[in-house]
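Some notes on the structure that comes next.
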Amino acid sequence: MFGINKSYIIFNYLKYISISITIFIGLIWFSQVLRILELQHSITTQLFDVINTTILVLPSFISPLMPFLLIIAGFFLNYKFMSSNEILILKQYLSIKNNLVITIFLTSGIILFYFLNNEYLSINLYHKYKVKELEIRNNLKLGVPSLKEFHIEEEVSIFFEKQKNNKFYNVKAIIYEGGQFINAKNAEIEIDKKNYNLIFNDGERIILNKDEKSQTVFDKFVYSIENKEIDILMMDKEHFNTMQLLNNDKKDFYYHGHNRIYQYFVVLVILLLSHKIFFFYVPKKSIFKYYLILFFNLLVLQIINSYLIFLLNNDNINLYYYYSINLFFLIFFFYTVFSFNENI
């Protein structure tokens, strides 16, 4: 009987965590799509590249939101079980030992998921996301092909029969500088440092101007467009795991590594409190009030932590005070919420 109850509770808890993550991360994902497109470019196949690319950044949003998502999931789990009186039935079959087994199992599993996402999955996918985002942003600055034409103002006009994987086929191009006409089998765009390179393959070039009249056949011809506004990849904090941050020479990166360590304690405390509420809370008033207090206390904790990080980066405090103040408030928060049921 215990095995069935354990599986039922775990399934529902993970279900509501998944729902919370899906809703909030989905909203963030939609905002990321709009941010990249900047609402000023026509909707073309580029949109699908943006959608696919922004999926890569989603795991990096899970970690900072995890404590809040756990509270929301815990609330819906409690609401479901209490509204159908299932919680009363379950408590008849679950001893304190059984409750502890479920708590340890769920806590260990979620902490493991949080660790793997924080240190491996989100790091690797975030780097791929930034590379693709820069590629898309730079391409959008360059222009968007439409109706089998591609025009770069005052530089080049490209006409093509089809486009696949960022490559144009059966290309005819006009390069305004020097009166150049290109007929090529295919062409592609490459971003190199501060230049956009138009690479034409297997074709011929005709030059018609007052200084030169010529025709040449080429295997490869590169025409470069200088653009100092090209975005370049900057390695920010989300590119590194905790150990890499702690070994980083940059002060703000180093302190962000300690912030990551503190967040593990926050997630652990939220998990323990959520399980205490579910298994040992005796409802005297609305469960919503309990979770609302939990949510806003967590928000205050994170605000205090952000301010302490600010003080660290400005050399107003050291790590001893950072951990002492944060852990004091975290322990006080844990004790207050843990004993809250006896006072309401």
Side-chain angles (χ1 to χ4, degrees), residues 21 24-25 28-29 31-32 35-36 53-70 108 110-138 191-194 228-271 298-331 333:
I21 290 176
F24 283 91
I25 299 302
I28 294 173
W29 173 62
S31 68
Q32 286 292 307
R35 183 179 68 86
I36 295 179
T53 298
T54 49
I55 290 175
L56 298 174
V57 77
L58 298 185
S60 65
F61 289 111
I62 293 177
S63 295
L65 289 175
M66 193 64 164
F68 296 98
L69 296 176
L70 290 173
S108 301
I110 292 173
I111 289 291
L112 178 62
F113 166 78
Y114 182 72
F115 174 81
L116 293 175
N117 180 71
N118 221 19
E119 306 298 331
Y120 299 100
L121 180 63
S122 63
I123 303 299
N124 294 325
L125 292 181
Y126 183 79
H127 180 77
K128 294 178 181 179
Y129 160 74
K130 292 302 292 185
V131 171
K132 289 293 294 181
E133 182 198 26
L134 289 176
E135 179 183 322
I136 291 172
R137 281 185 171 276
N138 288 325
I191 299 174
D192 178 30
K193 296 180 179 179
K194 293 296 182 180
K228 296 181 180 180
E229 295 182 357
I230 291 178
D231 293 328
I232 60 174
L233 180 63
M234 303 294 291
M235 301 296 285
D236 55 37
K237 302 179 186 71
E238 303 307 319
H239 282 95
F240 304 98
N241 61 35
T242 302
M243 287 304 299
Q244 290 170 334
L245 289 169
L246 293 174
N247 292 319
N248 200 291
D249 295 331
K250 294 181 179 179
K251 182 172 60 177
D252 56 330
F253 281 55
Y254 173 71
Y255 291 140
H256 187 68
H258 285 282
N259 172 59
R260 288 256 186 96
I261 293 174
Y262 171 69
Q263 294 303 323
Y264 282 108
F265 289 104
V266 172
V267 170
L268 177 62
V269 165
I270 294 299
L271 280 170
L298 173 61
L299 186 61
V300 171
L301 278 180
Q302 297 291 34
I303 291 172
I304 292 172
N305 176 60
S306 296
Y307 182 64
L308 292 175
I309 289 290
F310 170 78
L311 294 178
L312 271 177
N313 288 324
N314 288 277
D315 298 321
N316 297 121
I317 61 171
N318 57 32
L319 282 172
Y320 173 78
Y321 287 105
Y322 170 76
Y323 279 110
S324 298
I325 296 171
N326 261 334
L327 291 177
F328 169 78
F329 281 108
L330 186 61
I331 293 170
F333 164 72

Spacing of Asp252 atom CG and Lys237 atom NZ [to the nearest 0.5 Å]: 4.5 Å

Which atom of Gly257 lies closest to which atom of Thr242, heavy atoms considered: O-CG2, 3.7 Å

Considering all heavy atoms, the nearest Asn118-Ser63 contact: OD1-OG, 2.7 Å

Ile317: side-chain contact (heavy atoms from CB on, under 4.5 Å) partners, not counting sequence neighbours: Leu308, Leu311, Leu312, Tyr321, Tyr322

Distance-only polar pair, side chains of Asn259 and Asn305, donor-acceptor under 3.5 Å: yes

Reported CD1-to-CD1 distance for the pair Ile110 and Ile270, which is rounded to 0.5 angstrom: 12.0 Å

Qualifying side chain to side chain donor-acceptor pair (under 3.5 Å) pairs, either residue in residues 309-320, two or more places apart: Lys251-Asp315

Neighbour count above 12 (heavy atom, 6.0 Å) for Phe265 CZ: no

Close aromatic pair by centroid cut-off 6.0 Å: Phe240 and Phe253: yes

Side-chain touch Pro67/Gln302, heavy atoms, less than 4.5 angstrom: yes

Intermediate values then yes/no, side-chain contact (heavy atoms from CB on, under 4.5 Å), Phe68 and Leu298: CA-CA 8 Å; Phe68 296 98; Leu298 173 61; 3.6 Å; yes

Pairwise salt bridge (charged side-chain N to carboxylate O under 4.0 Å, His left out) hits with a residue in residues 260-269, at least two apart: Glu238-Arg260

Met66/Phe61 under side-chain contact (heavy atoms from CB on, under 4.5 Å): CA gap, chis, key distance, verdict: CA-CA 9 Å; Met66 193 64 164; Phe61 289 111; over 6 Å; no

Plane angle bin for Phe115 and Tyr264 - parallel if under 30°, tilted between 30 and 60°, otherwise perpendicular: tilted

Phe333 vs Val269 side-chain heavy atoms within contact, under 4.5 Å: yes

Euclidean distance, Leu245 CG relative to Asn241 CG, rounded to 0.5 Å: 7.0 Å

Approximate separation, where rounding is to 0.5 Å, of Leu125 CG and Ser60 OG: 8.5 Å

Within residues 117-126 or reaching into it, pairs that qualify as salt bridge (charged side-chain N to carboxylate O under 4.0 Å, His left out) - sequence neighbours excluded: none

side-chain contact (heavy atoms from CB on, under 4.5 Å) partners for Phe329, two or more places apart: Leu301, Ile304, Ile325

Leu65 CG to Leu70 CG distance, which is reported to the nearest 0.5 Å: 10.5 Å

ring-ring contact (aromatic ring centres under 6.0 Å, His included) against Tyr254, all qualifying residues, sequence neighbours excluded: His258

Straight-line distance of Ile261 CD1 to Met243 CE, nearest 0.5 Å: 8.5 Å

